[in-house]
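Report on the structure given below.
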Amino acid sequence: MPRPVSLAHSPSPVAHLRRPWRRPMSFYRGMTCENVTINGDKGAPVTAYVAKPSGPGPFPGVVLIHHLPGWSELYIETTRRFAHHGYLAICANLYEREGGQANPDDVAAKVRAEGGIADAQMVGDTAAAVQWVRAQSSHNGKVGLLGSCSGGRHAFIYACQKKDVDACVDLWGGRVVMGQEELNAKTPVAPIEMTKDLSCPLLGLFGNDDRAPSPEQVNQHEAELKKHGKAYEFHRYDGAGHGFFYWHRPLYRPEQAMDGWSKVFAFFGKHLAK
């Protein structure tokens, strides 16, 4: 059984000097970026932003699941970041039905007011993004998922309900642990109850100052992963709360974010290589 890893720490101020993802990546600086249309849940057309590294490959794939603020500039840039590091990357607009390509802030406010999107709809849309990656001639046959906030929760749900991904990254996904009163038609099952069906290794990054998820909820999730013998790594950061990768917000914590990114690339490098 794979050995789980759970760490709580504050990164060294000079740790970034040793990070492998800081090495020159000129080999992948060329890329092609565009919007494509995929057939999402129940065949609905969904726009997705894709970034492909230059060259014949083969390249592993990463499907990004955006957060509640929507199909935002942050996620578009992060999609390109993965292409820069040698991944076929795609990020679908999960709020296409709610607002198309209107201002992401306005669409996100509408989605938030409506209680989010249905978990089942997200799974259908994400399955289409995974299929897009697997259909690319330059793909190496491996696909990872990455999401933050609600996207982290969604990534975990997908990895529990489907068996077509090889690694999953949950960045501070809230509402994995849910009370009975929080369940409804859109979110009928608490994700923690799906843990027994997790189909691939999981990486989780969390800030110890976060309240959604709180450290106690992260502990509950970790206990469930251990109970079912799942392969996972959880890393927890002092001095960081929710969204500590978000460079455009006061939530940003550069040292913790740099350390976290190094763990993301190491994790995908381990599980998506072929």
Side-chain angles (χ1 to χ4, degrees), residues 28 31-41 44-53 59-108 111 116-119 121-136 138-139 142-159 162 164-173 203 205 243 245-249 257 260-261 264-265 267-268 272:
Y28 299 121
M31 66 179 73
T32 302
C33 306
E34 61 179 334
N35 285 343
V36 300
T37 300
I38 58 178
N39 294 320
D41 188 52
V46 173
T47 304
Y49 184 80
V50 301
K52 303 178 185 179
F59 303 113
V62 173
V63 173
L64 292 88
I65 305 181
H66 65 70
H67 53 178
L68 187 56
W71 199 52
S72 62
E73 180 180 2
L74 174 76
Y75 264 81
I76 299 305
E77 287 194 357
T78 305
T79 304
R80 290 196 295 269
R81 182 173 200 170
F82 276 105
H84 173 76
H85 284 267
Y87 294 85
L88 291 166
I90 180 170
C91 182
N93 182 5
L94 301 181
Y95 298 167
E96 181 93 12
R97 300 163 186 81
E98 287 71 24
Q101 297 183 46
N103 183 292
D105 292 338
D106 295 339
V107 177
V111 171
I117 59 173
D119 290 343
Q121 178 179 296
M122 174 280 302
V123 170
D125 289 352
T126 302
V130 172
Q131 290 165 12
W132 179 90
V133 171
R134 293 195 175 279
Q136 303 308 301
S138 58
H139 182 225
K142 299 281 189 176
V143 181
L145 290 181
L146 178 140
S148 64
C149 186
S150 65
R153 175 183 181 275
H154 285 157
F156 179 71
I157 290 173
Y158 188 93
K162 297 287 189 177
D164 56 359
V165 292
D166 302 283
C168 177
V169 175
D170 169 7
L171 304 178
W172 52 88
L203 171 66
L205 303 181
F245 277 25
Y246 299 163
W247 51 261
H248 61 309
R249 295 187 175 187
W261 269 115
V264 169
F265 284 117
F267 182 76
F268 278 160
L272 302 185

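Computation of the quantities below employed the complete heavy-atom set of this structure, encompassing side-chain atoms and omitting hydrogens, waters and symmetry-equivalent molecules.
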Test of understanding: with ring pair (Phe, Tyr, Trp, His ring centres under 6.0 Å), list the residues that count as partners of [X], not counting sequence neighbours.
{"X": "H154", "result": "none"}
{"X": "Y158", "result": "none"}
{"X": "F267", "result": "H271"}

Considering residues at least two apart in sequence or located in another chain, which fulfil the side-chain contact (heavy atoms from CB on, under 4.5 Å) criterion with [X]?
{"X": "E73", "answer": "E77"}
{"X": "L272", "answer": "P60, V62, Y87, K142, D166, A167, F268"}
{"X": "A155", "answer": "I65, L145, C168"}
{"X": "N35", "answer": "T47, Y49, W71, Q101"}

Using 0.5 Å steps for rounding, measure from the [atom1] atom of [X] to the [atom2] atom of [Y].
{"X": "H85", "Y": "M31", "atom1": "NE2", "atom2": "CE", "answer": "9.0 Å"}
{"X": "W261", "Y": "L205", "atom1": "CH2", "atom2": "CG", "answer": "9.5 Å"}
{"X": "Q121", "Y": "E96", "atom1": "CD", "atom2": "CD", "answer": "10.5 Å"}

If you define the side chain from C-beta out and look only at heavy atoms, does anything of [X] sit under 4.5 Å from [Y]?
{"X": "L171", "Y": "C149", "answer": "no"}
{"X": "L64", "Y": "T78", "answer": "yes"}
{"X": "L88", "Y": "I90", "answer": "no"}
{"X": "V130", "Y": "V165", "answer": "yes"}
{"X": "Y246", "Y": "S148", "answer": "yes"}
{"X": "H67", "Y": "S72", "answer": "yes"}
{"X": "V123", "Y": "I157", "answer": "yes"}

For [X] and [Y], which heavy atoms make the closest approach, and how far apart are they?
{"X": "N93", "Y": "H66", "value": "C-NE2, 4.0 Å"}
{"X": "D170", "Y": "G152", "value": "OD1-CA, 3.4 Å"}
{"X": "T37", "Y": "P45", "value": "CG2-CB, 3.9 Å"}
{"X": "L94", "Y": "M122", "value": "CD1-CG, 4.1 Å"}
{"X": "V46", "Y": "G40", "value": "CG2-CA, 4.1 Å"}
{"X": "A89", "Y": "A83", "value": "CB-N, 4.5 Å"}

Full working for side chain to side chain contact (heavy atoms under 4.5 Å, CB included) between V63 and L146: CA-CA 6 Å; V63 173; L146 178 140; over 6 Å; no
R134 side chain to D164 backbone, donor-acceptor under 3.5 Å: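 Checking the backbone N and O of D164 against the side chain of R134, a donor-acceptor pair under 3.5 Å is found.
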N/O donor-acceptor pair under 3.5 Å between S150 side chain and L68 backbone: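 Pair found, side chain donor or acceptor close to backbone of L68.
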Centroid-centroid distance, F82 to F59, less than 6.0 Å: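 No; F59 has its ring centre 6.0 Å or more from that of F82.
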Salt bridge (charged side-chain N to carboxylate O under 4.0 Å, His left out) partners of residues 143-155, not counting sequence neighbours, each pair once: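 Of all non-adjacent pairs touching residues 143-155, those that pass salt bridge (charged side-chain N to carboxylate O under 4.0 Å, His left out) are D119-R153.
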Quick one: list whatever passes side chain to side chain donor-acceptor pair (under 3.5 Å) with [X], sequence neighbours left out.
{"X": "D41", "value": "none"}
{"X": "Q136", "value": "K52"}
{"X": "T126", "value": "none"}

Evaluation steps, side chain to side chain contact (heavy atoms under 4.5 Å, CB included), between V50 and T79: CA-CA 7 Å; V50 301; T79 304; 5.9 Å; no
For R97, all residues meeting salt bridge (charged side-chain N to carboxylate O under 4.0 Å, His left out), sequence neighbours excluded: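 Scan of R97 (salt bridge (charged side-chain N to carboxylate O under 4.0 Å, His left out), adjacent residues dropped) gives D125.
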Mutual orientation of the aromatic rings belonging to W172 and F245 [parallel < 30°, tilted 30-60°, perpendicular > 60°]: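 Taking F245 first and then W172, their aromatic rings stand perpendicular (interplane angle over 60°).
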